[in-house]
Amino acid sequence: MKTIKRSNFPEDFTWGVANSSYQTEGAYNSYGKGPSIWDTFTNRKVFKKGNGNIATDFYHNYKEDIKSAKALHLNAFRFSISWSRIFPDGEGRINREGVTFYHEVIQCCLEHKLDPWITLYHWDLPQKLEDQGGWTNRNIIDWFSSYVDFCTKEFKQVKYWMVLNEPMSFIGLGYFMGIHAPGKKGLKNFLPAAHHATLCQAEGGRIIRKNLPKAIIGTTYSCSYVTPKNRQILNVRAAKRIDSLLNRFFIEPALGLGYPYKAIPGLKRIEKYFMAGDENKMIFNFDFIGVQYYFRVVAEHRIFPLILHAGEIPASKRNVKTNNMGMEVFPKGLYKMLKQFNTYKDVHSIYITESGICLDDEIIHGKIKDKERIKYIKNTLKVTQKALGKGINIKGYFNWTLVDNFEWAEGFSPRFGLIHNDHNTQKRTFKKSAYWLQEYLKR
Ligand code: BGC
């Protein structure tokens, strides 16, 4: 499969860009918004990577950005709702200004003939809820349900909904490793938080279905193609465990398969947080799953951490090509992951809801040359096409991201955008990759 012609993709294929509220909106403490865990986390003195207080000021620039997305000939625009912009305290009191803002964003997308795709939770939990334990508190199911109920009754004009963005990332990094907000660590936080996220994932789906029977409902998963360091049996088994943790942990309970205890028996400890009926409550029949792929993981056997007994060999020690966050550039791994997710009989369709690369973009005579990004997109589309050719029902591709934005614990230095942002002036400049995509999608 050499050519990646646009016409080789289905006529109704979705072409989009993705972003999230905390990484772009700014206006962090104005227009009635309450604080989120990311506001707290990044505004601590010890955090040295900047913050999303202004981010890319999407709050004031959304019209320009949506217009640019249209100029690229895309047909979808994915963004997330900041829970604390709507419910400043997480529950109860509603901030009408926040509600109006999202109505305007949705309206602007529709006027530009871009389908708005909403993610309900992209990591910015209201701080007031974290003060009560956040995801570790089972009450999160009620808090989240009220929030989803409100959004789906309010934003009825939206057809495409995603419940959670990458639960393994926000629970793993935020409630086990402590490197993302809210900075909690250990299994005592990870296990309850993970189980409650699984329950919210399904409950969110049920609420959307009830309020919007015609909606197309999905949820998204981070994934990494995991290979063992070598063929030694201990390393092969270690790779299986990492694969189960990274790629199977949150999708399998939704499909009625439960958590992957067989591969990682120690995970059974999560049952301490079960209540009667949870096995069924974890299940929801999603219309699609969102696959989000960035890098490959090479695994080896290790004593620690306990339970997992496996670790990742960093790309820097493997002499491979990396992006500017030190992750291996390996677009072919996406093909493997599409195949892997396609083996589940109840996965009805797949959207690549995020895919991208961060680079040190070179500015030459005011032009931003990002050849590597163009190459990455081409390779990604190549493997997508290959997967389509094998009969995998892939219905869309969303590039991460439209405009360089705030990359969580890494701050502003990783630039993932098709459009360069001067983070001091908010001036947007199309990169070569944006022009490439524009040409590619032109009819
Ligand atoms: C997240 C994005 C993030 C991207 C690049 C994904 O895991 O959903 O918010 O910016 O990866 O690291």
Side-chain angles (χ1 to χ4, degrees), residues 1-19 61-79 105-118 157-162 214 216 218 287-288 290-293 331 334-335 338 349-357 361 367-404 416-420 428-443:
M1 182 89 47
K2 289 203 181 56
T3 156
I4 51 153
K5 268 208 227 115
R6 162 82 157 81
S7 54
N8 287 346
F9 286 87
E11 197 45 38
D12 61 351
F13 202 72
T14 295
W15 296 95
V17 275
N19 67 44
N61 291 320
Y62 73 89
K63 285 189 183 147
E64 177 186 346
D65 290 346
I66 290 172
K67 203 169 148 204
S68 298
K70 186 63 203 174
L72 299 185
H73 307 299
L74 298 164
N75 54 27
F77 188 83
R78 176 182 171 208
F79 62 97
V105 171
I106 292 165
Q107 187 54 30
C108 187
C109 288
L110 294 172
E111 278 166 13
H112 286 87
K113 300 217 166 19
L114 289 161
D115 278 325
W117 283 58
I118 290 186
Q157 61 278 51
V158 174
K159 186 169 170 199
Y160 299 95
W161 292 84
M162 285 149 289
K214 290 196 180 135
I216 309 287
D287 297 314
F288 72 91
V291 167
Q292 315 201 147
Y293 173 85
L334 172 64
Y335 176 69
L338 291 167
S349 64
I350 298 177
Y351 286 85
I352 299 162
T353 40
E354 278 186 32
S355 162
I357 183 170
D361 296 325
K367 296 228 159 75
I368 295 143
K369 314 253 176 169
D370 56 343
K371 257 205 273 159
E372 276 300 319
R373 184 168 289 105
I374 298 175
K375 197 164 150 200
Y376 191 83
I377 299 174
K378 280 186 180 169
N379 284 332
T380 299
L381 296 182
K382 228 183 241 173
V383 300
T384 305
Q385 213 176 93
K386 183 170 162 195
L388 278 165
K390 299 274 180 206
I392 303 180
N393 190 17
I394 305 160
K395 297 177 71 110
Y397 160 86
F398 288 78
N399 184 278
W400 184 272
T401 185
L402 183 68
V403 176
D404 293 334
F416 276 92
L418 296 163
I419 298 178
H420 179 271
R428 278 45 165 169
T429 309
F430 276 37
K431 301 181 191 176
K432 280 262 168 186
S433 56
Y435 291 117
W436 180 85
L437 194 63
Q438 185 175 49
E439 194 53 37
Y440 180 72
L441 295 178
K442 199 161 112 192
R443 282 182 179 269

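Because the structure is a prediction, the values reported are computed rather than measured.
Side-chain atoms of Ser433 and Asp370 include a donor-acceptor pair closer than 3.5 Å.
With sequence neighbours excluded, the residues forming a side-chain contact (heavy atoms from CB on, under 4.5 Å) with Asn61 are Asp57, Glu64, Asp65, Gln426, Arg428, listed by chain and number.
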For Asp115 and Lys159, run salt bridge (charged side-chain N to carboxylate O under 4.0 Å, His left out): C-alpha distance rounded to whole Å, both residues' side-chain angles, the deciding distance at 0.1 Å, then the answer.
-> CA-CA 8 Å; Asp115 278 325; Lys159 186 169 170 199; over 6 Å; no
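Using a 4.5 Å cut-off on side-chain heavy atoms (C-beta onward), Lys395 and Phe288 make no contact. Side-chain contact between His420 and Asp404: present, with at least one pair of heavy atoms (C-beta onward) separated by less than 4.5 Å. Using a 4.5 Å heavy-atom cutoff, the side chains of Lys442 and Arg6 are not in contact.
Here Trp117 and Tyr351 bring their ring centres to under 6.0 angstrom of each other. The aromatic ring centroids of Phe13 and Trp15 lie less than 6.0 Å from each other.
Residues Val17 and Ala69 approach most closely at CG2-CB, 4.2 Å, considering heavy atoms.
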Donor-acceptor list for residues 106-113 side chains, cut-off 3.5 Å, not counting sequence neighbours:
{"residue": "Gln107", "atom": "NE2", "partner": "Glu111", "partner atom": "OE2", "Å": "3.2"}
{"residue": "His112", "atom": "ND1", "partner": "Cys108", "partner atom": "O", "Å": "2.9"}

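Between Asn75 atom CG and Lys70 atom NZ the span is 7.0 Å, to the nearest 0.5 Å.
Listed for the Arg373 side chain is no donor-acceptor partner under 3.5 Å among the backbone atoms of Leu418.
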